[in-house]
> 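One structure is given below, represented as C-alpha cells, and several questions about it will come after.
In the text below, chain A, chain B and the rest are named by the order of the sequence lines, each starting its count at 1. In this text, all values refer to a predicted model and were calculated from it rather than measured experimentally.
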Amino acid sequence: MAYLQLQDIEKFFGDHRAIKGIDLSIEKGEFIVFVGPSGCGKSTLLRLIAGLEHIDGGTLTLDGKDITQAPSSKRDLAMVFQSYALYPHMSVYENMSFALKLAKVDPKVIDEKVQNAARILNLTQYLQRTPKELSGGQRQRVAIGRAIVRSPKVFLFDEPLSNLDAALRGQTRVEIHKLHRDLGATTIYVTHDQVEAMTLADRVVVLRDGVIEQVGTPLELYDRPANQFVAQFIGTPQMNVVPLQQVPALVAQQAPVGAVGGTIGLRPENISVRASGSTPVAGQVDLVEALGAETLIYVSTPNGAQFVARQNERTGLHAGDTVSLDIDASQAHWFDTAGRVVAARAA
Amino acid sequence: MRASVYTPAYMVRTVAAWAVALLLFFPLGWLLLTAFKTELQAINVPPLFLFEPTLENFHEVQERSDYLHYAWNSVVTSVVSTLLGLAIAAPAAYAMAFHKGRRDKDILMWMLSTKMMPAVGALVPIYVLAQKSHLLDTQLALIIVFTLSNLPIMVWMLYSSFKEIPREILEAARMDGATLWQEATRVLLPLGMGGLASTGLLCLVLSWNEAFWSLNLTAAKGGTLATLIASYSSPEGLFWAKLSAASLMAIAPIVVFGWFSQKQLVQGLTFGAVK
C-alpha cells in the first residue's frame with residue numbers, strides 16, 4: 001500500500017460536490033504537485049488531507065493508519081500556508097519551536113532542532129525578531145522552518161510562493177527544491193503556476209472541477225496529455241488547439257479516424273514560420289514577441305485558425321507579413337469532439 | 001508649525017469642537033460644583049460660580065448611608081458579571097467567527113434584537129423569578145441580570161474582533177498539534193486580548209451605570225451606587241448639594257477608570273470599521 005492513500009475522497013459544500021471521489025496513491029519521499037485553475041478544488045483537497053476540512057466520503061490512510069476522521073493535531077502533517085500564518089505574538093524562535101513545545105519535547109532537543117533549521121534557512125540572526133519585523137521572503141522561510149523542525153510525515157504547501165514578487169519566487173522555488181532533495185520528505189504542493197508544477201514535481205496531479213484529469217511526471221503531461229484540458233494547461237505559451245475543419249490540408253494527410261470533427265493540438269515549438277514556401281498552411285503574422293532567447297510569432301490563417309509559433313532564432317518578420325507554416329504533424333495531438341486524446345504523436 | 005494650519009475653516013472647527021465639548025461637559029461640571037456647595041448655595045439665584053467649597057455633603061452622605069457598602073456592591077456586580085459574560089461570550093464568538101454555520105447571522109441578529117426590547121417588558125417575570133428564588137436585594141440577582149443583558153453586546157463585539165484574526169493562524173496551531181484548549185489559550189487569547197479588554201471595559205461601564213434593574217431588584221442590602229443616588233431624590237424634596245455629592249462619588253470611580261482606558265474603549269467600538 002502507498003504511503004499516503006486517498007480512496008474515493010469526497011467533499012460537499014452544501015449541495016455542491018466540490019471534490020468528486022478522488023483516488024490517489026503517494027509514495028514515501030515523493031514530491032507531488034496539485035495544479036489546476038482556480039476553483040478546481042486543489043486547495044480543498046489539500047485541506048482535506050490536512051484535516052482542516054471534514055472529509056464527507058472515502059478514506060484517507062497515512063503510513064498504514066486510517067486518518068480519515070483524525071483531527072489535524074493528530075495527523076503528524078505540517079503545513080505552509082499562503083499567508084504564512086505565523087503567530088504574530090511570538091518571536092521567530094517561538095514560532096518555530098511551538099509545535100515541539102506542545103509535544104513536550106525536551107528543551108535541549110528543541111533548541112538543537114530550531115538552531116539547525118534556522119541554519120538551513122539562513123534565519124539564525126532573526127530568531128529573536130517578531131514576524132512583523134521580517135520581509136515577505138523571510139516570513140516564508142520561517143513558515144517553512146516551522147514545518148521542518150517537526151520532521152512530520154508529510155509536508156503540505158498551499159500556494160506558498162504566490163505572495164512573493166517574481167524574483168524572490170524563482171529563488172524560493174529553487175530553495176524548496178533543494179530542501180526536498182536534502183530532507184527527502186514526502187511533500188504535497190498546491191499551486192496554480194504550472195512552471196512551479198513542472199520544475200518541482202516528481203509527479204503532477206492536474207485537477208479540474210473536483211476531478212483528477214491526469215497524474216504523471218511533468219514531461220509525461222507535456223508530451224502525452226490525456227486530454228485537451230491538460231494539453232492546454234501545461235506549457236507556455238499554450239498548446240495551439242485548432243478545429244480540424246480549419247486545417248483541411250493537415251487532416252487529409254494525417255488525421256486518425258477517431259478525431260473526425262475534433263481538434264488538433266500543436267505545441268508552439270512544433271510550428272516553424274517561413275517567409276514563403278509551399279507548405280499546406282499559409283497565413284498572416286498578427287504579432288511578433290521578441291523575448292530575447294526566444295521569439296513568439298502569432299499567425300492567423302484565412303479560414304480563422306490561430307497559431308503561436310516559438311523559435312529560438314530571431315526573426316525579420318513583422319505584423320502583416322504573409323507567411324507559410326511548416327507544421328511537424330508527427331508531433332501533433334489529436335482530440336475527439338469531447339476533448340479526449342485520440343492518438344497523440346500519430347506515427 | 002506652518003502658518004497655513006490656522007485657516008478660517010480650522011478656527012471654526014476648533015471653536016465648534018470646543019463648544020460641543022463644553023456643552024457635553026456642562027452637566028458634569030455643574031454637578032462637580034454643586035457637590036461642594038451648601039444646600040442654600042446650591043439653589044441660589046443667580047447661580048453661584050464663586051463660593052467657599054465645603055466637604056460637608058460628602059461627610060453627610062457617608063453618615064446617612066454607607067457609601068462604601070454600595071460602592072462594594074457596584075464593584076462586585078459589575079466585575080463578576082463582566083468576567084462571567086466574557087467566559088460565556090468568548091467561546092460563542094469563537095465558534096461563530098471560525099466555524100461558520102448557516103445560521104450564524106440569524107443568531108447574531110436575534111441576540112441583538114433582545115436588546116431592542118424595553119427592559120420594562122421583562123420586569124414582572126424577572127421580578128417574580130427573583131422573588132421566588134429568594135434573590136431579591138442580593139448581588140447575585142444583579143450579577144445574573146447584568147450578565148444576561150450584556151451578553152448580546154459582548155458576543156457581537158468579540159465576534160467582530162475575532163474575525164480580524166486570520167483563521168490560518170488558528171489552523172496553523174492545529175497543524176502544529178494544538179488541542180482546542182491550547183489553540184484558544186496560546187493563540188486565540190493573546191491575539192484577541194485587545195478585543196477582550198475593550199469588550200470587558202465597555203461591559204464594566206454599562207453594568208456600573210445600570211440603574212433600572214438595580215432600582216427594581218435591590219434596595220439597602222444588595223443595592224449599587226445607582227440606588228444610593230436615587231435615595232437622595234425623596235418625596236420631601238430634592239437636596240441638590242447632597243444629591244450631587246452622592247452622584248459625584250458614584251461616578252468618580254468609573255470616570256477615572258474610563259479616562260485611563262478610553263483608547264481601548266474607542267478601539268473596541270470601532271472594530272471592523274477601519275481596516
> Using 0.5 Å steps for rounding, measure from the CD atom of Gln182(B) to the NZ atom of Lys101(A).
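Spacing of CD (Gln182(B)) from NZ (Lys101(A)) equals 12.0 Å.
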
> With a 4.5 Å cut-off on heavy-atom pairs, point out which of Ala143(A), Ser72(A), Ala50(A), Ser73(A) contacts chain B the most.
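Result: the option with the highest number of such pairs is Ser73(A).
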
> Starting at CZ of Phe81(A), measure out to CZ of Arg167(B) and round the result to the nearest 0.5 Å.
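Going from the CZ atom of Phe81(A) to the CZ atom of Arg167(B) covers 10.0 Å.
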
> Under 6.0 Å from the NZ atom of Lys178(A), do we count more than 12 heavy atoms belonging to anything else shown?
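Open.
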
> Counting neighbours of NZ on Lys65(A) that are heavy atoms of other residues, nucleotides or ligands and sit closer than 6.0 Å, is the number greater than 12?
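Open.
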
> Would you compute the distance between atom NZ of Lys74(A) and atom OG1 of Thr179(B) and round it to the nearest 0.5 angstrom?
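Spacing of NZ (Lys74(A)) from OG1 (Thr179(B)) equals 7.0 Å.
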
> Flag the one option from His89(A), Arg47(A), Arg146(A) with the top tally of heavy-atom pairs under 4.5 Å to chain B.
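Between His89(A), Arg47(A), Arg146(A), the count favours His89(A).
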
> Evaluate the side chain to side chain contact (heavy atoms under 4.5 Å, CB included) criterion for residues Asp158(A) and Glu168(B): first the C-alpha distance (whole Å), next the side-chain angles of each, then the deciding distance (0.1 Å), finally the verdict.
CA-CA 11 Å; Asp158(A) 188 6; Glu168(B) 284 90 3; over 6 Å; no

> Test your reading of the model: is there a side-chain donor-acceptor pair from Tyr87(A) to the backbone of Ala173(B), 3.5 Å cut-off?
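Side chain of Tyr87(A) to backbone of Ala173(B), a donor-acceptor pair under 3.5 Å: yes, one is there.
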
> Between Glu171(B) and chain A, with a heavy-atom cut-off of 4.5 Å, which part of the residue counts as in contact: side chain, backbone, both or neither?
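Both backbone and side chain.
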
> Does Glu112(A), at its CD atom, have more than 12 non-hydrogen atoms belonging to other residues, nucleotides or ligands within less than 6.0 Å?
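Atom CD in Glu112(A) is not packed in, count stays at 12 or less.
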
> CE of Met117(B): more than 12 outside heavy atoms within 6.0 angstrom?
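More than 12 heavy atoms, drawn from other residues, nucleotides or ligands, come within 6.0 Å of this atom.
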
> How many angstroms lie between atom CE of Met90(A) and atom CG of Leu191(B), to the nearest 0.5 angstrom?
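So the gap between those two atoms works out to 8.0 Å.
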
> Heavy-atom cut-off 4.5 Å, strictly under: side chain, backbone, both or neither for Arg186(B) against chain A?
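It is both, since atoms from each part get that close.
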
> Check each atom of Leu86(A) against the heavy atoms of chain B and say whether the ones under 4.5 Å are side chain, backbone, both or neither.
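Just its backbone gets close to chain B.
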
> So which atom in Ile169(B) and which in Pro88(A) form the shortest heavy-atom distance, rounded to 0.1 Å?
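Looking at all heavy atoms of both residues, the shortest contact is CD1-CD, 3.7 Å.
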
